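Read through the structure below, which is laid out as structure tokens, and then see the notes.
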Protein chains: 2
Amino acid sequence: MNTMTWLTEDQQATWRAFLHATTLLEDHLDRQLQRDAGMPHMYYALLSTLSETPGRSMRMTELAERAKITRSRLSHAVARLEGNGWLRRESCPSDRRGQVVVLTDAGYDEVVRTAPGHVDAVRSAIFDRLTPEQTAQLGEISRIIAEGLHRPDRADLPWLR
Amino acid sequence: MNTMTWLTEDQQATWRAFLHATTLLEDHLDRQLQRDAGMPHMYYALLSTLSETPGRSMRMTELAERAKITRSRLSHAVARLEGNGWLRRESCPSDRRGQVVVLTDAGYDEVVRTAPGHVDAVRSAIFDRLTPEQTAQLGEISRIIAEGLHRPDRADLPWLR
DNA sequence: CCATTTTTATTGAAACTTCAAGAAGTGCAC
DNA sequence: GTGCACTTCTTGAAGTTTCAATAAAAATGG
């Protein structure tokens with residue numbers, strides 16, 4: 001723990017602005033996708049990730065890592081999306097503990113149908129408002145922040161708590 | 001809706017990095033505060049906001065706007081925090097529909113007790129890793145993004161849906 | 001005034017996430 | 001190959017958020 005307790009004025013201002021931006025943005029995208037695709041942003045991201053993957057399928061753990069969520073959260077999400085018919089589970093041939101999530105044709109069609117609206121929401125909220133330099137800066141800053149944070153799921157690694 | 005459907009490569013890379021950073025960061029802070037203060041980040045932010053306010057109190061609507069959340073969400077949060085004894089409701093003298101949320105002494109003590117750990121988590125995740133220039137850039141970019149997004153609570157403005 | 005519209009805040013149900021626990025398979029050390 | 005540590009994934013319960021509906025008071029405008 002750093003001995004310096006407080007943030008500077010600049011850091012405080014940045015932190016507040018960042019919190020507000022991310023809170024509003026998440027909310028905005030969740031509503032847009034809930035309205036147009038009937039699912040929250042994270043669920044859409046799962047389908048979208050699978051749609052870009054060879055075989056449109058992935059192991060549960062791999063998908064959880066890419067999406068930066070816990071396996072538990074993914075299990076619940078997959079159960080819901082499976083109920084919608086947008087993906088299905090298959091058991092993994094090489095590891096009998098494992099499951100492979102497969103994007104169905106209906107799920108793929110759903111991504112194709114809703115992607116333009118979502119991309120548009122992202123672009124109009126962010127990239128239409130930033131210069132190319134700012135876009136590059138945001139990318140670099142995001143990479144730096146993400147790099148310092150391990151992914152969650154400490155629930156499955158009890159000896160680390 | 002913009003006619004341009006997709007993002008550029010740079011924009012895509014930035015968007016993915018941003019999503020990963022914000023997902024990991026939120027999760028990190030939620031866990032830190034859940035562990036050390038027994039509440040999620042948003043709840044802590046409510047107490048913290050009140051602690052800096054004259055009278056350590058605020059109208060519900062004002063607090064919801066500052067925190068960028070809906071009134072409904074705030075109602076539930078306040079109910080929970082009131083149960084913890086960290087704040088209480090008082091009826092507003094000037095508007096009989098209104099409620100004033102007041103941070104209790106116990107709530108103030110809780111903020112004082114847990115603030116250093118939280119600030120430290122924020123600093124070590126973000127500001128220790130960014131240059132002063134990047135901090136300024138992040139602040140400016142966040143302000144631009146937030147500016148373009150109206151606050152939620154369209155649920156209370158049905159004619160806008 | 002009075003009716004209508006708008007604002008303030010809350011509520012309960014449904015949806016989502018977290019947390020702790022557990023079933024089942026893998027793989028390493030011996 | 002057997003035991004033990006570890007991984008994979010799921011589950012149910014508790015906590016949080018969203019959504020739609022509601023009550024009550026205030027503001028608006030004839």
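Fair warning: this is a prediction, and the values are worked out from it, not measured in the lab.
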When every non-hydrogen atom of B:T22 is compared with those of A:T22, the smallest separation belongs to CG2-CG2, 3.7 Å

Among A:L29, A:D27, A:L25, A:I126, which residue satisfies the side chain to side chain contact (heavy atoms under 4.5 Å, CB included) criterion with B:L149? A:L25

Nearest whole angstrom, please: distance from the P of D:dT18 to the NE2 of A:H28. 15 Å

What residues from residues 39-58 of chain B pass a heavy-atom cutoff of under 4.0 Å to DNA chain C? none

Would you mind reading off the distance between A:E90 atom CD and D:dT8 atom C1', rounded to a whole angstrom? 17 Å

Please identify each residue that fulfils salt bridge (Lys or Arg N to Asp or Glu O under 4.0 Å) with B:R16, with sequence neighbours left out. A:E52

Whole Å only: how far is the CZ atom of A:R35 from the P atom of D:dC19? 11 Å

Please check if A:V78 and A:V102 belong to a single hydrophobic cluster, counting links between Ile, Leu, Val, Met, Phe, Trp and Tyr side chain heavy atoms closer than 4.5 Å. no

Using distance only, find each side-chain donor-acceptor pair of residues 34-51 of chain A under 3.5 Å and give its atom names and separation, not counting sequence neighbours.
from: A:D36; atom 1: OD2; to: A:Q32; atom 2: NE2; distance (Å): 3.0
from: A:T49; atom 1: OG1; to: A:A45; atom 2: O; distance (Å): 2.8
from: A:S51; atom 1: OG; to: A:S48; atom 2: O; distance (Å): 2.7

Side-chain donor-acceptor pairs under 3.5 Å in residues 138-148 of chain A, sequence neighbours left out?
from: A:E140; atom 1: OE1; to: A:R143; atom 2: NH1; distance (Å): 3.2
from: A:S142; atom 1: OG; to: A:L138; atom 2: O; distance (Å): 2.7

If Ile, Leu, Val, Met, Phe, Trp and Tyr residues are connected whenever their side-chain heavy atoms lie under 4.5 Å apart, and connections chain through other members, are B:M60 and B:M58 in the same group? yes

Taken in chain and number order and not counting sequence neighbours, the residues that satisfy salt bridge (Lys or Arg N to Asp or Glu O under 4.0 Å) with B:R80 are none

To the nearest Å, how far apart are B:L63 CG and C:dA9 P? 10 Å

As a test of reading the structure: which of D:dT8, D:dT18, C:dC16 is closest to the side chain of A:R80, going by heavy atoms? C:dC16

To the nearest angstrom, the CG-C1' distance between A:D30 and C:dA15 comes to 12 Å

So what is the end-to-end bend of the helix from C:dC1-D:dG30 to C:dC30-D:dG1, with 5 pairs used at each end and the value given to 10 degrees? 30°

Figure out the CZ/P separation between B:R73 and D:dC19, and round it to whole Å. 11 Å

Please list, pair by pair, any protein nitrogen or oxygen found under 3.5 Å from a nitrogen or oxygen in nucleotides 11-14 of chain C.
from: C:dT11; atom 1: O4; to: B:S72; atom 2: OG; distance (Å): 3.0
from: C:dG12; atom 1: O6; to: B:H76; atom 2: NE2; distance (Å): 2.9

Enumerate the residue pairs fulfilling ring pair (Phe, Tyr, Trp, His ring centres under 6.0 Å) with a member in residues 47-67 of chain A, sequence neighbours excluded, ordered by first and then second residue. none

Got a sec, which residues hit salt bridge (Lys or Arg N to Asp or Glu O under 4.0 Å) with A:R89, two or more places apart in sequence or on another chain? A:E82

Taking only nitrogen or oxygen atoms into account, show me every contact under 3.5 Å that the protein makes with nucleotides 23-26 of chain C, one pair per line with its distance.
from: C:dG25; atom 1: N2; to: A:R97; atom 2: NH1; distance (Å): 3.0
from: C:dT26; atom 1: OP1; to: A:R96; atom 2: N; distance (Å): 3.3

Does A:T131 reach the side chain of A:Q134, with side-chain heavy atoms less than 4.5 Å apart? yes

Could you give the CG-to-C1' distance, from B:L33 to D:dG15, as a whole number of Å? 16 Å

For A:R96, which residues count as a salt bridge (Lys or Arg N to Asp or Glu O under 4.0 Å) partner, sequence neighbours excluded? none

Rounded to whole Å, how long is the line connecting atom CG of A:L74 with atom C1' of C:dT17? 13 Å

Not counting sequence neighbours, list each pair that qualifies as a ring pair (Phe, Tyr, Trp, His ring centres under 6.0 Å) and has a residue in residues 50-109 of chain B. none

Provide the closest heavy-atom pair for B:A125 versus B:R129 in the form atom of the first, atom of the second, distance. O-CD, 3.4 Å

